[in-house]
Undergrad: 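Provided herewith is a single structure, encoded as structure tokens, for subsequent inquiry.
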Amino acid sequence: MPSRSIPSRVAPILLAALCAAGVAHAQGSAVAPTPTQVRPAVDHAYTQLLGAPGIKQLLDAVQADHERSIEDLKMLTEIEAPPFKEQKRAEAFLARLKALGLTDARIDSEGNVIGLRKGTGNGPKLMISAHLDTVFPAGTDVKVKERDGKLYAPGISDDTRGLAVLLSWLKVLNDNKIQTVGDLLFVGNVGEEELGNLRGMKAIFRDHLDIDGMVGVEPAAEGNVTVLGTASHRYEVTFKGPGGHSYAAFGQVPSAIHGMGRAIAKIADIKTPSFPKTTFTVGTVGGGTSVNTIAPDARMAVDIRSDDMNALLDTEKKVLAAIDEAVAEENKRWNVTTLSVSNKLIGDRPGGRTGSDSVIVEAAVRSNAAFGHKTLLSGASTDANVPMSLGIPAIIIGGGGKTGGFHALSEWIDVTDGWKGAQNALVTVLGLVGVQGVSEPLLAKRPPRLK
């Protein structure tokens, strides 16, 4: 999405705060320039929020709830949730939502946990979410262990911390009787990791056509805001031939493995653009029956990614063509037609982008500045890919705490002062939906989408 100019009318105090926080020159892995100014309505909303006694009390409650929320974190982490096997964790998360007062909550047909906290009416509906699944298979030791001030366990930061933050937000909002103008749709979704293909998010946006925006909570450095969703396609490619004895059948039958090897070599020579960043890899290979057999079968998995769908589709076309050419060459080598190939799409993540000049991004920038953080606009493949692909405003932000070792058995989180990030993210959310008697919603209501 091209960036449009932002109105120059902005409170001088805000501009000074943004510059002091270093927001104007976010560099490194930025995928878009961070706004140096936000529209007056955004500044006004956050000035009202941060100056309201009730909101100050709410943020104090987030800090006070920190230690209790860590118990939720440990409890949920120790319920394994491999891809496609998230049910036990979903049930535990649902039970906590209900115990904290969200009676309108359930598990949908895809396995997502969904609960609606109604606003005063006529406001937008904002989804706030974290994913239930982890990358780790069933049987992984997920017992939380504490060492040197850090909590270690597979999946504890990605994304169980996000689930615990949502529960803490629900508790403090209810305890402090904060009434938002817009609705908050609390979601613990399935299918974010591996071959889950964002199935949870796809189901939610298929079944809920009135969602106006999405804020996802994932591990992220202070001030990091994900605004670009990297698209990906993944293929399982299978080569089939008659096979035969390595000596007796030599020259009579093609090798499935040789054909696959030719395909891999051709794929490796494909040129892709550096901008938009577009990548490919043959991630796994297998096949054959023995060292002295001309392989009757071979298989490989191919991953293709891009920050732009057109570039992704162009590279995908080249990859599939390279595979077909390789099979034709292997058949021609032996003057046969007995080697064949088939492919199956096993991964399909749509891509998209939320404009850096959109209200949802400016809200995050303004909230970050208020907490003394510079904003970096980044890209990744996350749950936000789905709403972004539909043109629905969506971002991913952090929930507090320092994290590391993602997708490794040594994954860890340091929750020291993690409540600060939870406060920052909650303020971002409240500005978007508005708080009764304090601020109007910044997020616009959208016409319901058609199925």
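Start at 1 with the first residue, then count along the sequence. Just so it is clear, the values below take in all heavy atoms, side chains as well, and ignore hydrogens, waters and symmetry mates.
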Undergrad: Given Val341 and Asn343, is the side-chain contact (heavy atoms from CB on, under 4.5 Å) satisfied, shown in steps?
TA: CA-CA 7 Å; Val341 67; Asn343 61 69; 6.0 Å; no
Undergrad: Applying side chain to side chain contact (heavy atoms under 4.5 Å, CB included) between Val225 and each of Val215, Ile360, Thr34, Thr375, report the one that passes.
TA: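 Result: among Val215, Ile360, Thr34, Thr375, Thr375 is the only option passing the side chain to side chain contact (heavy atoms under 4.5 Å, CB included) with Val225.
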Undergrad: When you measure from the side chain of Asp159 to the backbone N and O of His131, does any donor-acceptor pair fall under 3.5 Å?
TA: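 Pair found, side chain donor or acceptor close to backbone of His131.
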Undergrad: Quick check: does any side chain N or O of Arg96 sit under 3.5 Å from a backbone N or O of Ala164, one acting as donor and the other as acceptor?
TA: no
Undergrad: Counting only N and O atoms by type, is there a donor-acceptor contact under 3.5 Å from the side chain of Ser367 to the main-chain atoms of Ala363?
TA: no
Undergrad: So, taking the atom named CE in Met127 and the one named CG in Asn189, what distance separates them when rounded to the nearest 0.5 Å?
TA: 7.5 Å
Undergrad: Could you tell me the separation between the CD1 atom of Ile211 and the CD1 atom of Ile392, rounded to the nearest 0.5 Å?
TA: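 Here the rounded value is 6.5 Å.
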Undergrad: With side chain to side chain contact (heavy atoms under 4.5 Å, CB included) as the test, pick out the partner of Ile178 among Leu173, Val172, Leu426.
TA: Leu173
Undergrad: Please answer whether the main-chain N or O of Ala394 pairs with a side-chain N or O of Thr354 as donor and acceptor at a distance below 3.5 Å.
TA: yes
Undergrad: Is any side-chain heavy atom of Asp158 closer than 4.5 Å to a side-chain heavy atom of Thr403?
TA: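 Asp158 vs Thr403: side chains apart.
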Undergrad: Please step through side-chain contact (heavy atoms from CB on, under 4.5 Å) for the pair Ile70 and Met75, ending with a clear verdict.
TA: CA-CA 9 Å; Ile70 301 309; Met75 180 272 293; over 6 Å; no
Undergrad: Quick one: are Ser342 and Arg299 in side-chain contact, heavy atoms under 4.5 Å?
TA: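 SC-SC contact between Ser342 and Arg299 ruled out.
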Undergrad: Please report the shortest heavy-atom distance between Ala32 and Arg353, naming the atom on each side.
TA: CB-NH1, 4.1 Å
Undergrad: Check Val142 against Glu78 and note the closest heavy-atom contact, atom names and distance.
TA: O-CG, 3.4 Å
Undergrad: Identify the residue among Gln423, Glu222, Lys420 that makes a side chain to side chain contact (heavy atoms under 4.5 Å, CB included) with Phe371.
TA: Gln423
Undergrad: Can a side-chain donor-acceptor contact be found between Asp303 and Thr281 if the only test is distance below 3.5 angstrom?
TA: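 The answer is no; no qualifying pair exists.
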Undergrad: Are side-chain N/O atoms of Gln48 and His44 paired as donor and acceptor at under 3.5 Å?
TA: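 Their side chains do contain a donor-acceptor pair, which is all the 3.5 Å distance test asks for.
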Undergrad: Around Lys118, counting heavy atoms of other residues, nucleotides and ligands shown, do more than 12 lie under 6.0 Å from its NZ?
TA: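 No, the 6.0 Å shell around NZ holds no more than 12 heavy atoms from other groups.
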Undergrad: Is there a side-chain contact between Thr160 and Arg89 (heavy atoms, below 4.5 Å)?
TA: yes
Undergrad: Considering residues, nucleotides and ligands other than Lys266, do more than 12 of their heavy atoms fall under 6.0 Å from its NZ?
TA: yes
Undergrad: Examine distances only and state if a side-chain atom of Glu80 and a backbone atom of Ala138 form a donor-acceptor pair shorter than 3.5 Å.
TA: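 Checked: no pair found.
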Undergrad: Keeping Trp169 on the side-chain end and Ala422 on the backbone end, is there a donor-acceptor pair under 3.5 Å?
TA: yes
Undergrad: State the CG-CZ distance between Leu167 and Phe186, to the nearest 0.5 angstrom.
TA: 8.5 Å
Undergrad: Report yes if some heavy atom in the side chain of Gln87 is under 4.5 Å from a heavy atom in the side chain of Ile107; otherwise report no.
TA: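 Side-chain contact under 4.5 Å: no.
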Undergrad: Without swapping roles, check the side chain of Asp133 against the backbone of Val190 for a donor-acceptor pair under 3.5 Å.
TA: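 Side chain of Asp133 to backbone of Val190: no pair is present.
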Undergrad: Please give me the minimum heavy-atom distance between Tyr235 and Glu316, naming the atom from each residue.
TA: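 The pair with the smallest heavy-atom distance is OH-OE2, 2.7 Å.
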Undergrad: Kindly give the heavy-atom pair with the smallest separation between Val135 and Glu194, and that separation in Å.
TA: O-OE2, 3.7 Å
Undergrad: Once you round to the nearest 0.5 Å, how far does CG of Asp212 lie from CG of Asp183?
TA: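 With rounding to 0.5 Å, CG (Asp212) is 9.0 Å from CG (Asp183).
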Undergrad: Could Asp314 and Lys318 be called an ion pair, given the rule that one side-chain N must be under 4.0 Å from one carboxylate O?
TA: yes
Undergrad: Measure the spacing between CD1 of Ile396 and OG of Ser381 and express it to the nearest 0.5 Å.
TA: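 Going from CD1 on Ile396 over to OG on Ser381, the span is 10.0 Å.
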Undergrad: Any donor-acceptor pair under 3.5 Å linking the side chain of Arg349 with the backbone of Thr230?
TA: no
Undergrad: Could you give the distance from CG (Asn385) to CG (Leu390), rounded to the nearest 0.5 Å?
TA: 11.0 Å
Undergrad: Any salt bridge linking Glu86 with Arg199? Criterion: basic side-chain nitrogen under 4.0 Å from a carboxylate oxygen.
TA: yes
Undergrad: Could you check whether Arg147 makes a cation-pi contact with Tyr152, meaning its NZ or CZ is under 6.0 Å from the centre of the six-membered ring and within 45° of the ring axis?
TA: yes
Undergrad: If we count only N and O atoms by modelled type, under 3.5 Å, do the side chains of Arg234 and Asn197 hold a donor and an acceptor together?
TA: no
Undergrad: So which atom in Gly111 and which in Leu132 form the shortest heavy-atom distance, rounded to 0.1 Å?
TA: O-CD1, 4.1 Å
Undergrad: Looking at Ile114, Leu184, Leu170, which hits side chain to side chain contact (heavy atoms under 4.5 Å, CB included) with Leu102?
TA: Leu170
Undergrad: Mind running side-chain contact (heavy atoms from CB on, under 4.5 Å) on Ser356 and Val227 for me, showing each step along the way?
TA: CA-CA 7 Å; Ser356 58; Val227 298; 6.0 Å; no
Undergrad: So, do Asp383 and Leu198 sit near enough that their side-chain heavy atoms are less than 4.5 Å apart?
TA: yes
Undergrad: Does any part of the side chain of Tyr46, heavy atoms only, come nearer than 4.5 Å to the side chain of Leu442, both counted from C-beta?
TA: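 They are in contact (side-chain heavy atoms under 4.5 Å apart), so the answer is yes.
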Undergrad: Which residue is it: Lys125, Arg446, Arg449? I am looking for the one with a salt bridge (charged side-chain N to carboxylate O under 4.0 Å, His left out) to Asp210.
TA: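 Running salt bridge (charged side-chain N to carboxylate O under 4.0 Å, His left out) over Lys125, Arg446, Arg449 with Asp210 returns exactly one hit, Lys125.
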Undergrad: Find out whether Thr278 and Asp308 are in side-chain contact, i.e. whether some heavy atom of one side chain is under 4.5 Å from a heavy atom of the other.
TA: no
Undergrad: Please report the shortest heavy-atom distance between Gly404 and Ser157, naming the atom on each side.
TA: O-OG, 4.5 Å
Undergrad: Give a yes or no on this: more than 12 heavy atoms of other residues, nucleotides or ligands lie within 6.0 Å of atom NZ of Lys88.
TA: no
Undergrad: For His66 and Val415, indicate whether the former's side chain and the latter's backbone hold a donor-acceptor pair under 3.5 Å.
TA: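 Yes, because the side chain of His66 sits within donor-acceptor range (under 3.5 Å) of the backbone of Val415.
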Undergrad: Are side-chain heavy atoms of Leu58 and Leu430 found at a separation under 4.5 Å?
TA: yes
Undergrad: Given the rule in the side-chain contact (heavy atoms from CB on, under 4.5 Å) test, do Val144 and Glu146 qualify, once you have shown the distances and angles that lead to the verdict?
TA: CA-CA 7 Å; Val144 178; Glu146 187 167 358; over 6 Å; no
